Amino acid sequence: MAKQAPLEKVRNIGIIAHIDAGKTTTTERILFYTGVIHKMGTVDEGNTTTDWMPQEKERGITITAANTTCFWKDCKINIIDTPGHVDFTVEVERSLKVLDGAVVVLCGCSGVQPQTETVWRQADRYKVPRILFINKMDRLGANFDRVIAEAHDRLGANAVAIQMPVGAEDSFKAIIDIITEKYITYSDAEGVELVRSEIPAEFKDRVKEYRHKLIEKLAEVDDHIMENFINEKEISIPDITAAIRRSVIKNQFVPVLCGSSLRNKGVQMVLDAVTEYLPSPLDVPPIKGTHPKFGEIMERKAAVDAPLSALVFKVLSDPYVGKLFFTRVYSGKIESGVQTYNAKQRIREKIAKIVVLHANKQEIVSSAEAGEIVALIGLKDSKTGDTLCDEDNPIVIESMKLPEPVVSMAIEPKSKADQDKMGFVLKKFLDEDPSLKVQYDNETAETIISGMGELHLEIIIDRMKREHNLETNIGRPQVAYKETITQKTKGVVGKHIHQSGGRGQYGHVVLDVEPAEEKGKGITFINKIKGGAIPREFFKPIEEGINTGAMSGVLGGYPVVDLVVTLIDGSYHEVDSNELAFKLAAKAALHEALRKGKSIFLEPIMDIEVTVPEDYMGSVIGDLNTRRAKIVEMGTRGKLKTARCEVPLAEMFNYANALRSLSQGRATFSMEPSFYAEVPHHIAEKIIGAKAEAANKK
């Protein structure tokens, strides 16, 4: 099955979208039409190929990005079906890092939702070319033109229809291909046999409008079409498809398709569009990286005869084969049984086996070449974001951007005997999931796990029980607050002087500390020492001391962010100065600066969109106001009302149940982290009080 395809015939694509837009169903249909599976499953029945975890089957959502490989026409397509839930956004982030193209699925009635905007921004960051598939055209409230307009307004996408639906909701019966001007229906319920016929007269004017708009928009981004358009020359079908491909690869154009995956309509045309318009590994720019020793920027072209460069973008524990290291090969060739070099960790690793993945089924192959996405077995110490390469030609590929956790929870094993086991299990989850954080709180003697949301942590606890038979007690979810300063403090002194007979310890630093203008950057350290006031070998320990001090602030022990710390002066002792003394002096200086700089708490603010029938809108808005919500935008979507708000996460725990009871179960909402903002004074006092109380109890 896993035959090699020439590079220009390989497509590495992701299916990305908001939760419940139909990604998994679309992927399931793709696997059916490409012959990978012979019976189509559904999310409701919990029998889809890519949602294979027990938690995914029960909840009807995608949690982990699943890999699968299929063939369409003469192309090999490596597909990653990604989660839509914001709690698993790291799965989308790391998938987009290694993909060459993406199919963005939108719901025909819900349109562009908040999580769609998030995945679109992620795709923008990695410059991933996209096509849009407007799904669920058979659903109540489906409106093709409205969704395209939303893609323009909310995503800033140059989205243009290359198909149009015939009918909508219950009357959705056919699709018109605007490029070839054909009327497409299906002769069987499974949607295998397409029937292409002439367009009925009643639709010809509308198709003409769509086609004119398509050529007009293409002319804006493609010189060849522009020239023919201005000179009123005939523009052929091959001209249009070639121009769309060029413009999609340059990220200047987004073709829009339509259909209903659940009703088996339109999915083959999505496959056609993937092969025709999305790039092969040869069409995307060479991967960039740095030399691990010298730091210079390097490039690697997608070629089998180039030196090896491959990125481990995900680690997954398999109960039968151990750890699977999902890897994108950018250049060169990986072979099983051969040693490779991990340039980030600076270690040699041996590859025992290479497998091509079909969701949770595996097929062993002897090698993988540039452009492939495979899983490696046998690596010992590699982690997410590590680069595998030739030791003689090392390169470190830039890793993916990881989101900051926003929810924390205390966790302990039910029996003390399981304490070591819990540590082992948490380490395994940390290897798999870089958006999970674990720390030990010395004040309260608790293990704290932090993640992207309540559901994220819930799944971790559930997996501990099912996969490792580990029962745990958990505390209530807590908000991941942060601390920062509001005023600049100059000349803050930190000293660590310890004399105990014999050799002592001496460290002395002077710092300027100010709030950072650019938010979300953490701690920026600037060294302005001149003239040898402190020897060079102590600069790194000073920076380490500042970073250690920033891990717990002076108000409630929360991490400190958004500071610029400048080392301006200090002194040392010829005999007594050492690295530890300067580390402790820097930490003391930072804490003193936090006290003087009027520290404040910051809390995560969530972007939330509520969709609700008009009858319940008043009570839903009233409830949001009690939760310190700031209404950003109100709108109408079909017969439903929408409200977009910014709400502190602290007020949103268990909101799903509250919304259900307010609307008799008819309202829905989606929520994602947006930014951090200052906590009101009266709430900050409560947080400090609760933290002190928890410490006293211990």
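These figures come from a predicted structure and were not determined experimentally. Sequential numbering from 1 along the given sequence is applied to the chain's residues.
Side-chain contact between I461 and K465 is absent, with no heavy atoms from C-beta onward closer than 4.5 Å. In this structure, R463 and K428 have side chains that are in contact, with non-hydrogen atoms separated by less than 4.5 Å. Here the side chains of V610 and L624 are in contact, with some heavy-atom distance below 4.5 Å. Looking at heavy atoms from C-beta onward, L590 lies in side-chain contact with L563 at the 4.5 angstrom threshold. Looking only at side-chain heavy atoms (C-beta outward), Y330 and V98 come within less than 4.5 Å of each other. Contact of the L308 side chain with the V329 side chain is registered, since non-hydrogen atoms from C-beta on lie closer than 4.5 Å. Side-chain atoms of T447 and L426, non-hydrogen and from C-beta on, do get closer than 4.5 Å to each other. Looking at L457 and L436, their side chains come closer than 4.5 Å, going by heavy atoms from C-beta outward.
Between F601 atom CZ and I683 atom CD1 the span is 11.5 Å, to the nearest 0.5 Å. Note that OG1 of T387 and CD1 of I397 are 4.5 Å apart. Values are rounded to the nearest 0.5 Å. Of the inter-residue distances, the one linking L388 atom CG with I395 atom CD1 reads 12.5 Å to the nearest 0.5 angstrom. Note that CD1 of I459 is 10.5 Å distant from CZ of F429, once rounded to the nearest 0.5 Å. If you take CG on N342 and CG on D386, they are separated by 4.0 Å, rounding to the nearest 0.5 Å. In this structure, SG in C645 is found 8.5 Å from CG in D607, a value given to the nearest 0.5 Å.
Nearest heavy-atom pair across F313 and T384 is O-CG2, 3.6 Å. Residue A102 comes nearest to V128 through the heavy atom pair N-CG1, 3.8 Å, listed as atom of the first residue, atom of the second, then distance. When all heavy atoms of I354 and S336 are compared, the closest pair comes out as CD1-N, 3.5 Å. Annotation for A650 and Y481: closest pair CB-OH, 3.8 Å, computed over non-hydrogen atoms. Of all heavy-atom pairs between M464 and V425, the closest is CG-CG1, 3.9 Å. When all heavy atoms are compared, the tightest approach of I347 to Y341 is O-CD1, 3.4 Å.
Listed for the K97 side chain is a donor-acceptor partner under 3.5 Å among the backbone atoms of E398. Remark: the backbone N or O of Y558 is paired with a side-chain donor or acceptor of E483 at under 3.5 angstrom. Using a distance-only test at 3.5 Å, with no hydrogens or angles considered, a donor-acceptor pair links the side chain of K421 to the main chain of H468. The main-chain N or O of G549 is found under 3.5 Å from a side-chain atom of H591 such that the two form a donor-acceptor pair. Of the possible polar contacts, one joining the N12 side chain to the G371 backbone as a donor-acceptor pair under 3.5 Å is found. Counting only distance, with no hydrogens or angles, the side chain of T327 and the backbone of A375 share no donor-acceptor pair below 3.5 Å.
Annotation: side chain to side chain donor-acceptor pair (under 3.5 Å) contacts of E603 (sequence neighbours excluded): R628.
For R348, the CZ atom sits in a loose shell: 12 or fewer heavy atoms of surrounding residues, nucleotides or ligands are nearer than 6.0 Å. Within 6.0 Å of the CZ atom in F675, the count of heavy atoms belonging to other residues, nucleotides or ligands exceeds 12. Open room surrounds CG on N469; 12 or fewer heavy atoms of other groups in view lie less than 6.0 Å from it. Within a 6.0 Å radius of CD in Q664, other residues, nucleotides and ligands contribute 12 heavy atoms or fewer.
Judged by distance alone, the side chains of T25 and S261 never bring a donor and an acceptor atom under 3.5 Å apart.
Under the side chain to side chain contact (heavy atoms under 4.5 Å, CB included) test applied with I334, the options V365, V374, L376 reduce to a single match, L376. Across L99, V356, I79, T69, a single residue satisfies side chain to side chain contact (heavy atoms under 4.5 Å, CB included) together with I373, and that is L99.
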**Prompt:** Are V119 and Q122 close enough, and set up right, to give a side chain to side chain contact (heavy atoms under 4.5 Å, CB included), and what steps lead you there?
**Reply:** CA-CA 5 Å; V119 296; Q122 288 171 305; 3.6 Å; yes
**Message:** Could you go through I377 and L324, starting from their C-alpha distance and side-chain angles, then the distance that decides it, and tell me whether this counts as side chain to side chain contact (heavy atoms under 4.5 Å, CB included)?
**Reply:** CA-CA 5 Å; I377 298 170; L324 288 167; 3.7 Å; yes
**Asked** Stepwise, does the side chain to side chain contact (heavy atoms under 4.5 Å, CB included) test hold for K344 with K383?
**Response** CA-CA 9 Å; K344 201 169 182 184; K383 294 183 172 65; over 6 Å; no
**Request:** Given side chain to side chain contact (heavy atoms under 4.5 Å, CB included), test I351 with L379 step by step and report yes or no.
**Result:** CA-CA 6 Å; I351 299 163; L379 307 183; 4.0 Å; yes
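Residues R130 and D124 are paired through a salt bridge, judged by an N-O separation under 4.0 Å between the basic side chain and the carboxylate. Using a cutoff of 4.0 Å between basic side-chain nitrogens and carboxylate oxygens, K323 and E349 are not scored as salt-bridged. Under a 4.0 Å N-O distance rule, the pair R627/D623 qualifies as a salt bridge.
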